[in-house]
Each structure stands twice: as C-alpha cells, then as structure tokens.
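Some notes on the structure that comes next.
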Amino acid sequence: MKLGAVNHIALTVSDMNRSEVFYNALLGFLGYQQEEKTEQLILWAGHNGVITISPANPESPNKNHDRYSVGLHHLAFSADHREQVNSLHQFLVERGVKILDPPAEYSYLPGYYAVYFLDPDGIKLELTHTPNWPPESS
C-alpha cells in the first residue's frame, strides 16, 4: 500500500445478522469477498482494501446513526462506468434498500454520476463514477 491509502474501514452495526446479509450482497456486487467471521467481527477483502463490521456496544446511549453529527457522513465507492452505477441501483431496488437519490449527474465534478442509499443502520453509502478522476499524475 502507498502512504496515505485507506487501509480499512470499520463500521459498527446494531444487528450483525441483518448487516451481514446487506453487506454480503453489496460488497459482493463490488468485488469483495467475506474472508473472516466471528461474533465480534465480519471482514470483507477486495481489490481496494478491507471493510469490517462489528456489533455496537449495547450500553451506548447512541442507538441511531446521524450523519450530521460528528463522525462519518457517508462512504463512497468508485465505479468504472455509469452502467455499474445503474446496475447497482437496480440491484438495491430489487432488495428493498432505501434509495436516497437515484442515479443522476451531480455538479460536484464534471461528469460526476452517482447513486446514494442507506445501509440497515442508516449509514449513507454511494457508488459514483467520475470520468478523469482522480487526475493522472504527470
């Protein structure tokens, strides 16, 4: 890995079984494979790193994710082309996943095309295709 590259992303979930089903489907679609599973951790590895889920602390007073509080706002995955964004959208709709914003072009960067959706705990996720991003280094 290169200095500064994301090594892994660790998410805390309220229901391991429900989240395992969700993330197996999503991450499988994105090319990740479940590599490890214990009562305290499920790990998926892919070409871009590792994603884990762990159970929330039942003693925590915070029971719901709020992306507008301090912490994670959303997690975005990259797509190679718009068709992958459209395919994931259809995949999610077929599974009854809450879609926040359907596939569309957004004004963040030229050609930015994305779908936004929620995981079972309300964590905002995104799949985006942005042509010519990141820029090639010279």
Side-chain angles (χ1 to χ4, degrees):
M1 293 194 108
K2 295 190 182 228
L3 179 64
V6 174
N7 182 277
H8 67 276
I9 297 166
L11 301 173
T12 304
V13 300
S14 63
D15 183 319
M16 289 289 282
N17 293 326
R18 178 182 68 174
S19 291
E20 179 184 14
V21 170
F22 175 84
Y23 282 103
N24 269 337
L26 172 64
L27 296 175
F29 182 95
L30 297 174
Y32 290 77
Q33 284 190 288
Q34 189 180 110
E35 299 288 344
E36 183 178 338
K37 180 179 178 181
T38 69
E39 285 185 20
Q40 295 302 309
L41 176 91
I42 301 176
L43 179 148
W44 291 266
H47 49 273
N48 288 317
V50 171
I51 296 174
T52 67
I53 61 172
S54 297
N57 177 353
E59 304 299 317
S60 172
N62 302 319
K63 301 299 179 198
N64 298 306
H65 178 72
D66 176 3
R67 67 181 176 268
Y68 295 105
S69 292
V70 173
L72 177 73
H73 182 274
H74 73 280
L75 172 60
F77 296 94
S78 293
D80 296 324
H81 46 78
R82 287 180 177 218
E83 292 77 19
Q84 290 172 327
V85 174
N86 294 335
S87 293
L88 179 64
H89 175 252
Q90 185 61 41
F91 182 83
L92 297 170
V93 166
E94 290 169 1
R95 284 158 180 75
V97 173
K98 169 105 172 126
I99 304 298
L100 294 175
D101 297 296
E105 196 164 309
Y106 297 90
S107 62
Y108 307 121
L109 292 167
Y112 197 101
Y113 189 78
V115 60
Y116 299 91
F117 54 99
L118 296 179
D119 89 340
D121 285 302
I123 298 172
K124 183 178 178 180
L125 302 170
E126 169 188 358
L127 182 65
T128 183
H129 170 66
T130 308
N132 305 313
W133 189 263
E136 293 184 32
S137 56
S138 36

Q) Just wondering, more than 12 heavy atoms not from N132 lying within 6.0 Å of its CG? A) no
Kindly say whether [Y] contributes a backbone atom to a donor-acceptor pair with the side chain of [X] at under 3.5 angstrom?
X    : Y    : value
H129 : A79  : yes
S54  : Q40  : yes
T128 : Y113 : yes

Q | Nearest heavy atoms of P131 and P110, plus distance in Å | A | CD-O, 3.9 Å
Q: For R18 and P120, work out which heavy atoms get closest and say how close.
A: NE-CB, 3.3 Å
Q.
Just to verify, which of I53, V50, I51 counts as forming a side-chain contact (heavy atoms from CB on, under 4.5 Å) with L43?
A. V50
Q. So, do L88 and F117 sit near enough that their side-chain heavy atoms are less than 4.5 Å apart?
A. yes
Q | Non-hydrogen side-chain atoms of S19 and D121 separated by less than 4.5 Å | A | yes
Q: Sorted by first residue and then second, give each side chain to side chain donor-acceptor pair (under 3.5 Å) pair with at least one member in residues 70-79; sequence neighbours left out.
A: H74-E126
List the atom pairs, with distances to 0.1 Å, where a side-chain N or O of residues 96-109 and a protein N or O form a donor-acceptor pair under 3.5 Å, not counting sequence neighbours.
| unit_1 | atom_1 | unit_2 | atom_2 | d |
| --- | --- | --- | --- | --- |
| E105 | OE1 | R82 | NH2 | 2.3 |
| Y106 | OH | P102 | O | 3.1 |

(Q) Can you list everything that forms a side-chain hydrogen bond (donor to acceptor under 3.5 Å, both in side chains) with E94? Sequence neighbours excluded, please. (A) Q90
[X] with [Y], same ILVMFWY side-chain cluster at under 4.5 Å:
X   : Y    : answer
V6  : I123 : yes
L72 : L41  : no
I9  : F77  : yes

Cut-off 3.5 Å, no hydrogens considered: what does the side-chain donor-acceptor table look like for residues 23-33, sequence neighbours left out?
| unit_1 | atom_1 | unit_2 | atom_2 | d |
| --- | --- | --- | --- | --- |
| Y23 | OH | D119 | OD2 | 2.7 |
| N24 | OD1 | Q34 | NE2 | 3.0 |
| N24 | OD1 | W44 | NE1 | 2.8 |
| N24 | ND2 | E20 | O | 3.4 |

Q. Measuring from L127:CG to Q84:CD, what's the distance to the nearest 0.5 Å?
A. 7.0 Å
Q) Which other residues belong to the hydrophobic cluster containing V21, where Ile, Leu, Val, Met, Phe, Trp and Tyr are joined when side-chain heavy atoms lie under 4.5 Å apart, directly or via other members? A) none
Q: Taking the six-membered ring of F91 (Phe, Tyr or Trp), confirm whether the NZ or CZ of R95 is under 6.0 Å from its centre and within 45° of its axis.
A: yes
Q) Which pairs with one or both residues in residues 58-79 pass salt bridge (Lys or Arg N to Asp or Glu O under 4.0 Å), sequence neighbours excluded? A) none
